[in-house]
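Let me begin by presenting the structure, written as structure tokens, before commenting on it.
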4 protein chains.
Amino acid sequence: MKTLSASAERICCLAIEHFAERGYDGSSLNDIAILANMRKPSLYAHFSSKDELYSVVFERALENERLHMQSCFDTASELNSVPGGLLVHQLAERYQASASLRCLLRAAFYPPEVLRPLISAGFEDYLAQMRQLFRPLLAQRYPQMDDTDLELYCDAWQGIVDSLHVELLYATPEAYARRLKALWRVYGDSLSLLRQGSSPYVSYITSGR
Amino acid sequence: MKTLSASAERICCLAIEHFAERGYDGSSLNDIAILANMRKPSLYAHFSSKDELYSVVFERALENERLHMQSCFDTASELNSVPGGLLVHQLAERYQASASLRCLLRAAFYPPEVLRPLISAGFEDYLAQMRQLFRPLLAQRYPQMDDTDLELYCDAWQGIVDSLHVELLYATPEAYARRLKALWRVYGDSLSLLRQGSSPYVSYITSGR
Amino acid sequence: MKTLSASAERICCLAIEHFAERGYDGSSLNDIAILANMRKPSLYAHFSSKDELYSVVFERALENERLHMQSCFDTASELNSVPGGLLVHQLAERYQASASLRCLLRAAFYPPEVLRPLISAGFEDYLAQMRQLFRPLLAQRYPQMDDTDLELYCDAWQGIVDSLHVELLYATPEAYARRLKALWRVYGDSLSLLRQGSSPYVSYITSGR
Amino acid sequence: MKTLSASAERICCLAIEHFAERGYDGSSLNDIAILANMRKPSLYAHFSSKDELYSVVFERALENERLHMQSCFDTASELNSVPGGLLVHQLAERYQASASLRCLLRAAFYPPEVLRPLISAGFEDYLAQMRQLFRPLLAQRYPQMDDTDLELYCDAWQGIVDSLHVELLYATPEAYARRLKALWRVYGDSLSLLRQGSSPYVSYITSGR
DNA sequence: TATGAATGAGTTTTCATTCAT
DNA sequence: TATGAATGAAAACTCATTCAT
């Protein structure tokens, strides 16, 4: 990832917010320039075009979310007693706090046509990394799982994450909380059918109530 | 829903496709007019503004998907042996065939600011109707469920639908198939725990309350 | 050549003058719009881009000069007693009167890079037509000339025309008149060496000294 | 002519090429700065404005071509057996090699409006010098010529030079060669009518046929 | 001498909209 | 119902120039 000058960095941060809220087509360089307290042509001293700015913004957003994802998996937390639990449970908070995440999702869902290849590739990497972090933890917690099941629960977990993303897009916090609870419960139930004997997970959910 | 003249109807259909593919900001009336084989100002004989056209398009898309949803629930099908099964299993096909669905989702996820209230209200109705269709079937199939569980499986089911929507946005058919399989399996597993007397799940939730 | 609406025709005529005086790079659509008594975007109802406008202007200018050239050769005139004489002798007048000619020459000498192929091709046709008109007259007047000499006097004549064009670009009318006289004399002298027997031409140039 | 620092000299050379190829309007200081391996504002350490740069470039080009012209007349060469013969015969080579010549001609033919007086004056001086070099040689070679004829052959010769310039602008090397041959022959023929007795020129042109 | 940052003016072009026909 | 013509506003982008460093 390119390093940016201090000014470029500042513009980039503002642009992330703007693109997150209004998308590529709905954002004008004029607006972003004004946010950055400058006139439109000054932006061109830092970025050679709208596309370049958007590309940099996207890379930045991607990197921010990668790092956050990593930290979710690295952090010791009761919630991580089910693999990926922390990430899922602070997702709403993250979404609200992080324009990067909002920008990333918007880009991934509805990329500006001309940058579609770049965005697709970047987002697929992101998803692959998510899976790569998740799967070993799952395998460790459920040693008896065969590869097929491992893949299946990876898919299910990523599906749940996406489902929550969508709910964050348009629903109320209450609806979000209900969906989170419902999906996590269903997911836990399914896993519980696999498990034999006691496990941290068990103590977690029982103790959690 | 307003009835439209034949021409307006035709324009509307073309506009649904256009808005589905490019969104509100990325679509120009000129392009739509050309698709409709007319000149831009002619559109104003049918719709008083871009916003009005978009509103009508949105209502149409909503109505189309409402009808389709209804028919999914009405149709007798092996897949409906699990409530909502048919809808879930033909979702990919529907998505590809129906610009209405693509347009509806795009509008719901990222509405043009000025039409946000309209779109939110419309889409919430749509979700409410979905729930209203789904819930009685669930209650019928699992008579032992209490209201809390009914709500929870409604939430889970809708969450799964949204998760699949997202996968349709950016993933390959293979990835989509895997997600569908994974989520449906997890969902079925969870339901299966309800059916036979006591189960780890049962003890889990009952102890949890 | 495309037929244009009345308005487009009007714009085209104004644009020919503008481009003739300032060249492609030095002309702005804004200026041309104001000349045409309209606002800039209105031009786009008639021409899809600056390049298209320039192309049409060029074709128009070319066509105008083709027609004029033809008429020079068709007109009965004492001056045409030497082939191409009329064209050469009214060139200064034509240059002043015809923005088409000025525009054409500017385009041919220094074409805007992006339209170079179009302009080159068009201008080469123009030169070829000029030659095609000139050569038979020369052959008729000097039946004893072989092909090699015919080609040579074609080349010389066209060279003289270009030389006069250049003088029109930057010189005074007096300088132009001197050049015309000098080149025409030299040219006539050379031809006189070929000639056998008397001809209208002879009496013309000798009386002209 | 102002003396320039080494850097300014370097910039000037690069700018000559740029202006030669794209003209005043088509050249941007940014491009020139990049060619000079610097940033745009750095140019202003050497030249106070685009106009000043262009003026200096023009003076340089003019000076270069003056010197070259002088050397053409000074050089002993078989080709100079007809006055001005060397200059005419290496014109194509010079044109290709010298951005100065290309820049000079472009400036002379289509000067940027604001610098027109400067350029006109400079170019007229150039033409006057050309004439001043040429005429005495002509007078020496053809002692019998009166002033009127001397002027006339000066005009013709300069006309031929311009005609060749134009051919260099847009034609192929073959077309150029044909024009050169044709004009030189016509010119020589005319002179041959004046001459009495043998001269180097006679043997040259007769052998050339 | 060089430059990063900034900018007012101006470029071509697009857009939603209006209006007379 | 349709459209040719027009336009104010705004888009992305370029340019010559300035200025503090």
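Side chains are part of it too, since the values below use all heavy atoms of this structure and drop only hydrogens, waters and symmetry mates. This one's a predicted model, so the numbers in the text were calculated from it and none came from an experiment. Letters go in sequence order (proteins before strands), and every chain restarts at 1.
- Within 4.0 Å (heavy atoms only), A:S49 reaches sugar-phosphate atoms of the nucleic acid but no base atom.
- In this structure, C:I11 and B:S5 both approach DNA chain F, and ranking their closest nucleotides by distance from the 5' end singles out B:S5.
- A heavy-atom distance below 4.5 Å is not found between the side chains of C:L101 and C:L168.
- As a whole-Å value, the separation of D:L4 CG from E:dT1 C1' is 15 Å.
- A salt bridge does not link C:E63 with C:R60: every distance from a Lys NZ or Arg NE/NH1/NH2 to an Asp or Glu carboxylate oxygen is 4.0 Å or more.
- Between B:Y44 atom OH and F:dA6 atom C1' the separation is 14 Å, expressed in whole Å.
- What you find for D:A99 and D:A20 is that their closest heavy atoms are O-CB, 3.7 Å.
- Relative orientation of the C:Y24 and C:F19 rings is parallel, given thresholds of 30° and 60° on the angle between their planes.
- Between C:F47 atom CZ and E:dT13 atom P the separation is 13 Å, expressed in whole Å.
- Using cut-offs of 30° and 60° on the angle between ring planes, the pair B:Y170 and A:F109 is parallel.
- With values rounded to the nearest 0.5 angstrom, B:D31 atom CG is found 11.0 Å from B:E21 atom CD.
- Note on A:S42: every side-chain N or O is 4.0 Å or more away from OP1 and OP2 of E:dA5.
- For the pair D:L53 CG and F:dT17 C1', the computed distance is 14 Å after rounding to whole Å.
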Going through the distances and angles, do D:S98 and D:N64 end up as a side-chain contact (heavy atoms from CB on, under 4.5 Å)?
CA-CA 9 Å; D:S98 166; D:N64 287 343; 5.7 Å; no

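- Stems are defined here as 3 or more consecutive Watson-Crick or G-U wobble pairs with pairing distances under 3.5 Å; those involving DNA chain E are E:2-21 with F:2-21.
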Please list, pair by pair, any protein nitrogen or oxygen found under 3.5 Å from a nitrogen or oxygen in nucleotides 19-21 of chain F.
none

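- Looking at heavy atoms from C-beta onward, C:L118 lies in side-chain contact with C:E59 at the 4.5 angstrom threshold.
- With the nearest nucleotide of DNA chain E identified for both D:L43 and A:H46, D:L43 has the one nearer the 5' end.
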Take A:R66 and A:D125, measure what side-chain contact (heavy atoms from CB on, under 4.5 Å) needs, and give me the verdict at the end.
CA-CA 10 Å; A:R66 265 189 218 283; A:D125 280 0; 3.6 Å; yes

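- In this structure, D:E9 places its CD atom 14 Å from P of E:dT1, rounding to the nearest Å.
- Taken residue by residue, residues 12-40 of chain D places heavy atoms nearer than 4.0 Å to DNA chain F at D:S27, D:S28, D:L29, D:K40.
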Apply the test side-chain contact (heavy atoms from CB on, under 4.5 Å) to residues C:F47 and C:I11: give CA-CA distance (whole Å), side-chain angles for both, the deciding distance (0.1 Å), then the verdict.
CA-CA 10 Å; C:F47 302 95; C:I11 294 166; 3.7 Å; yes

Run the side-chain contact (heavy atoms from CB on, under 4.5 Å) check on D:Y54 and D:L115 step by step: do they pass?
CA-CA 9 Å; D:Y54 192 87; D:L115 297 174; 3.4 Å; yes

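- Across the protein-nucleic acid pair, C:K50 atom NZ and E:dT13 atom P stand 8 Å apart, rounded to whole Å.
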